[in-house]
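To keep things clear, I will list the structure first and then write my remarks on it.
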Amino acid sequence: MDRESSSSDEEEDRRKLIDQNERPPNSTSPILSTFHLDQFKDRIPKLNFTFKKWFLFAIFLPLLILVLYFTTDFKYLFRKSDLSDVRFDSFLNRMGESELRALNLLRQQQLGLFKLWNHTSFANASNADPNSTVVNSVDSNLDFKSTVVSQMSLNKQIQQVLLSSHQLDNSLELADNVTDPILSGYASLDTCRKVDQKLSERKTIEWNPRPDKYLFAICLSGQMSNHLICLEKHMFFAALLNRILVIPSPKVDYQFDRVLDIDRINKCVGRKVVVTFDEFAEAMKNHFHIDKFMCYFSLPQPCFMDDDHVKKLKSLGISMDKLEAAWVEDVKKPSKRTMQDVVAKFSSNDNVIAIGDVFFADVERDLVMQPGGPLAHKCKTLIEPSRLILLTAQRFIQTFLGEKFVALHFRRHGFLKFCNAKKPSCFFPVPQAADCIGRVVERANTPVIYLSTDAAESETSLLQSLVVANEKPVPLVKRPARNSAEKWDALLYRHDLDEHPQVEAMLDKTICAMSKVFIGSSGSTFTEDILRLRKDWGSASLCDEYLCQGELPNFIADDE
C-alpha cells in the first residue's frame, strides 16, 4: 500500500511539472525559477549559453581560489622570477657571512693595535740583548710605518667585506667607497713585502791579509749557531789585523766543511783569506806554534777557554805561550769597542796569534750587522750553507711548501728555564703561541707553515690543532724521515751527508731563510743566524718577528 501511495505522489508531481512546462508562451509568473528560463530560449537563443558559462564559472571560481590559497606561497607571486628569489637568499647569506668575517677582522685589528700600543713597554728589554740581529718594529721608523700601514690595510679589508655584502649586479663600486682618499695606495701595499736593505749605503773594509800572518780561530760558547757567529766575527778581526783566518780543526770544533764551502769564501773576497786547519798545518810543516795568545775576554776566564780545550789544542801538536788578557773584558757585560781599539790592542808582527772566543764581542755593531757583513766581497754573504744544502732546501720547498710559506723556529728544549730567567720571559704557552702564529699567517696570506723545532710530539700536536688563520687550520710541515721513494734529499744521501746533526740543522736554517715570512724564538742564536741569512740574502720581510713579539706569556711559572 505504501508503494502504491508513493507511485501516485510521483505521478502527480510529474504531471504538475509537465503542465508548468507546457504553459503558453504569453503566460506570466511573478517569480521565474531556474526551470522557467527555458521559455526565453526561442526569443533570446544566446542567453542560455552565456548563463550556463557564468553558472559554471561561479561554481568553480571559489573552488579554484581555495585550492590556490592552500597550495600557493603568495610571496613568490610578487617576485620577478625564481632566479631573483635565489639571489635574494644568497644576498642574505652573504651578508651574514660578511658580518662574521668583519667581526673577526676587527678583532685582529684590535689585537694588532693593542700590540703596537703595548710594544713600547718591552722595547728596552728586547734591545738589551747585544746579540740580537732584529730591530724591533716600534724602534725602527720604517717598521713602525709598516705596522701602521698593515693596520690600515686590515681596516680596508674590513670595509671591503662589509661593503661586499651589499653588492648586487655590480651596482656598487668598492674602489670608490673603501677608504679615505688620503690613504689611497697604502692598503694595496704588500704588508709582508721584503725589507729594503739599502745596499747602496753599505760601508765595508777590505780584507788584504799578509800571506804569512795567521789568526787562529777559537770558538767555544754554545752550539753550532754560536760558533758560526763567532767565526764571522773572527773574519772581521782577521781583516782588521791583515791576517789569514785559520778554520778550527774538526777534532776540537764542528766539522765546518760539511756545512760550509770554505773555498767559496776566498772566491767571494777575490783572494786567499781563509784556510782549513789541514792547509795551515801543511804551510807550517806540522810544526806550528801560536806565537801570541792575547785574550779578548779576560772574564770569567782568559780567552773564555777551559783547561779541556787547551788539552785538545795541544793534542793536535799545537804549542802556545801563556794566555794573556789584552784588557779587562767580561763576557756578561761586553764593552762597545771600535776598530781602532782592536787594531791598537791586537796588532802584532808574530806569525800566528789567537784571541780566543769572540762570540760576545761588541765591535762596530752597526758595521758588523749590515746586510752582507762588514767586509767587501762580491757575494751576498760570506758564511752561508754549502751548495749541496742549498739545492736540497730548494728541492724540499718545491716538493712540500711552494713559494709562499711561513717558517717557524719553535725552540722549546731547555728554553723554559732559560726564558723564565729573562725579564720578560720568552717562553709562551702553546695556545698563546698558536694565536700569535695564526695572526702572522693571516697577514702573510700563506697556506702552510714550515716547522723547525726541538719540541716534543705532545707540544707540536697541540700546536697543530690550534693554529688557525682565516678560520681554517694551517698545516705544520716538518722534514720527514728518509724515504728512498722521495728524491728531494738525494744529494745529501749520495754525498754521505744525510742524518748528520749539523747538516740537518743547517738545512733547517736554509729552508727558514728562504721563507716569505719568518717567526723566530727570541734569545735563540739559531734564530739569529736565520735572521742574518735572510738579511744577507735579501729575503727578510717586514712581517718577520719573534714569536708573540711585544707580548708577555699569559702564564709564568714561579722560580725554583
Side-chain angles (χ1 to χ4, degrees), residues 133 194-195 197 199 223-225 227-229 231-232 235 247 250 254-270 273-274 276 371-373 375 377-409 446 448-453 477-483 486-520 525-541 544:
T133 61
K194 294 180 180 178
V195 176
Q197 301 292 357
L199 296 177
Q223 302 299 315
M224 189 173 189
S225 295
H227 287 226
L228 290 174
I229 295 172
L231 203 60
E232 185 181 36
M235 291 181 180
I247 303 297
Y254 291 105
Q255 196 167 349
F256 289 108
D257 59 354
R258 281 183 171 265
V259 296
L260 304 176
D261 187 346
I262 305 298
D263 192 51
R264 176 187 165 279
I265 299 174
N266 294 321
K267 292 178 180 178
C268 289
V269 177
V273 292
V274 296
T276 64
L375 306 178
H377 57 81
K378 57 185 179 182
C379 300
K380 289 184 176 181
T381 183
L382 291 180
I383 296 183
E384 72 174 23
S386 67
R387 181 66 178 168
L388 290 177
I389 294 177
L390 279 171
L391 288 174
T392 302
Q394 291 174 355
R395 292 181 176 185
F396 178 85
I397 292 172
Q398 183 178 0
T399 303
F400 295 99
L401 302 172
E403 178 185 11
K404 295 182 179 181
F405 68 97
V406 168
L408 167 65
H409 175 222
T446 56
V448 68
I449 298 172
Y450 177 68
L451 177 61
S452 173
T453 186
V477 179
K478 293 193 293 184
R479 284 186 298 105
R482 167 71 183 163
N483 188 331
E486 296 176 358
K487 300 302 179 184
W488 63 269
D489 58 349
L491 289 175
L492 299 183
Y493 180 75
R494 288 183 210 150
H495 291 82
D496 195 28
L497 292 174
D498 62 312
E499 298 183 356
H500 190 282
Q502 278 70 55
V503 173
E504 290 186 348
M506 185 61 83
L507 179 58
D508 256 15
K509 284 184 182 180
T510 308
I511 296 171
C512 290
M514 292 180 174
S515 64
K516 179 180 179 181
V517 172
F518 174 64
I519 305 171
T525 52
F526 190 92
T527 281
E528 299 303 324
D529 205 35
I530 293 170
L531 292 168
R532 176 189 66 83
L533 282 174
R534 290 178 63 78
K535 174 188 62 182
D536 293 352
W537 285 350
S539 59
S541 163
D544 289 356

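For reference, positions follow the sequence shown, starting with 1.
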### L401 and I511, any side-chain heavy atoms less than 4.5 Å apart
yes
### Task
Give a yes or no on this: more than 12 heavy atoms of other residues, nucleotides or ligands lie within 6.0 Å of atom CD of E486.
yes
#### Entry: T446 side chain reached by V517 side chain, heavy atoms, under 4.5 Å
no
### Query
Closest approach of L451 and K478, non-hydrogen atoms and distance?
O-CG, 3.6 Å
### Message
For the OG1 atom of T527 and the CZ atom of R532, what is their distance to the nearest 0.5 Å?
### Response
13.5 Å
### Query
Do the side chains of L533 and P385 get nearer than 4.5 Å, heavy atoms only?
yes
#### Entry: Candidates F526, Y450, F518 - the one meeting ring-ring contact (aromatic ring centres under 6.0 Å, His included) with H409
F526
### Query
With a 4.5 Å heavy-atom cut-off, do I247 and L231 have their side chains touching?
yes
### Query
Crowded around R482 CZ? As in, over 12 foreign heavy atoms under 6.0 Å?
yes
#### Entry: Reported CG-to-OG1 distance for the pair D257 and T276, which is rounded to 0.5 angstrom
8.0 Å
### Query
To the nearest 0.5 Å, how far apart are NZ in K509 and CE in M506?
5.0 Å
### Query
Can you tell me how far CD1 of I530 sits from SG of C512, rounded to the nearest 0.5 angstrom?
4.0 Å
## Note on the structure
Output for pair (K487 NZ, T392 OG1), nearest 0.5 Å, gives 13.5 Å
### Query
Does D261 use its side chain to pair, donor to acceptor, with the backbone of S386 at less than 3.5 Å?
no
### Message
Please enumerate all residues that pass side chain to side chain contact (heavy atoms under 4.5 Å, CB included) together with S539, with sequence neighbours excluded.
### Response
R534, W537
#### Entry: Interatomic distance, E384 atom CD to I265 atom CD1 [nearest 0.5 angstrom]
9.5 Å
### Task
Measure the shortest side-chain to side-chain distance between L507 and L492 over non-hydrogen atoms and say whether it is less than 4.5 angstrom.
yes
#### Entry: Minimal non-hydrogen separation, V259 against I389, with atom names
CA-CD1, 3.9 Å
#### Entry: Derivation and outcome, side chain to side chain contact (heavy atoms under 4.5 Å, CB included), residues V503 and D498
CA-CA 7 Å; V503 173; D498 62 312; over 6 Å; no
### Task
Mind listing the closest non-hydrogen atom pair of K516 and S541 along with its distance?
O-CB, 3.2 Å
### Task
Please report the C-alpha distance between Q502 and F256 in whole Å, then the side-chain angles of each, then the deciding distance to 0.1 Å, and finally whether the side chain to side chain contact (heavy atoms under 4.5 Å, CB included) criterion is met.
CA-CA 9 Å; Q502 278 70 55; F256 289 108; over 6 Å; no
### Task
Measure from the side-chain N and O atoms of H377 to the backbone N and O of C379, and report whether any donor-acceptor pair falls under 3.5 Å.
yes
### Message
Can you give me the closest heavy-atom contact between R395 and T399, atom names plus distance?
### Response
O-OG1, 2.7 Å
### Task
Evaluate the criterion side chain to side chain contact (heavy atoms under 4.5 Å, CB included) for residue pair T525 and L228; output intermediate values, then yes/no.
CA-CA 10 Å; T525 52; L228 290 174; over 6 Å; no
### Nearest heavy-atom neighbours spanning A393 and T510
CB-CG2, 3.5 Å
### Task
Please indicate whether Q394 has more than 12 foreign heavy atoms, meaning atoms of other residues, nucleotides or ligands, lying under 6.0 Å from its CD.
yes
### Task
Any chance you could lay out the side chain to side chain contact (heavy atoms under 4.5 Å, CB included) test for L390 and M514, step after step, and finish with the verdict?
CA-CA 10 Å; L390 279 171; M514 292 180 174; 3.8 Å; yes
#### Entry: Contact summary for A540 and Q197, nearest pair of heavy atoms
CB-NE2, 3.8 Å
### Query
With under 30° as parallel and over 60° as perpendicular, where do the rings of F396 and F400 fit, or are they tilted in between?
tilted
### Message
Tell me whether R264 contacts the main-chain N or O of R387 through its side chain, where contact means a donor paired with an acceptor under 3.5 Å.
### Response
no
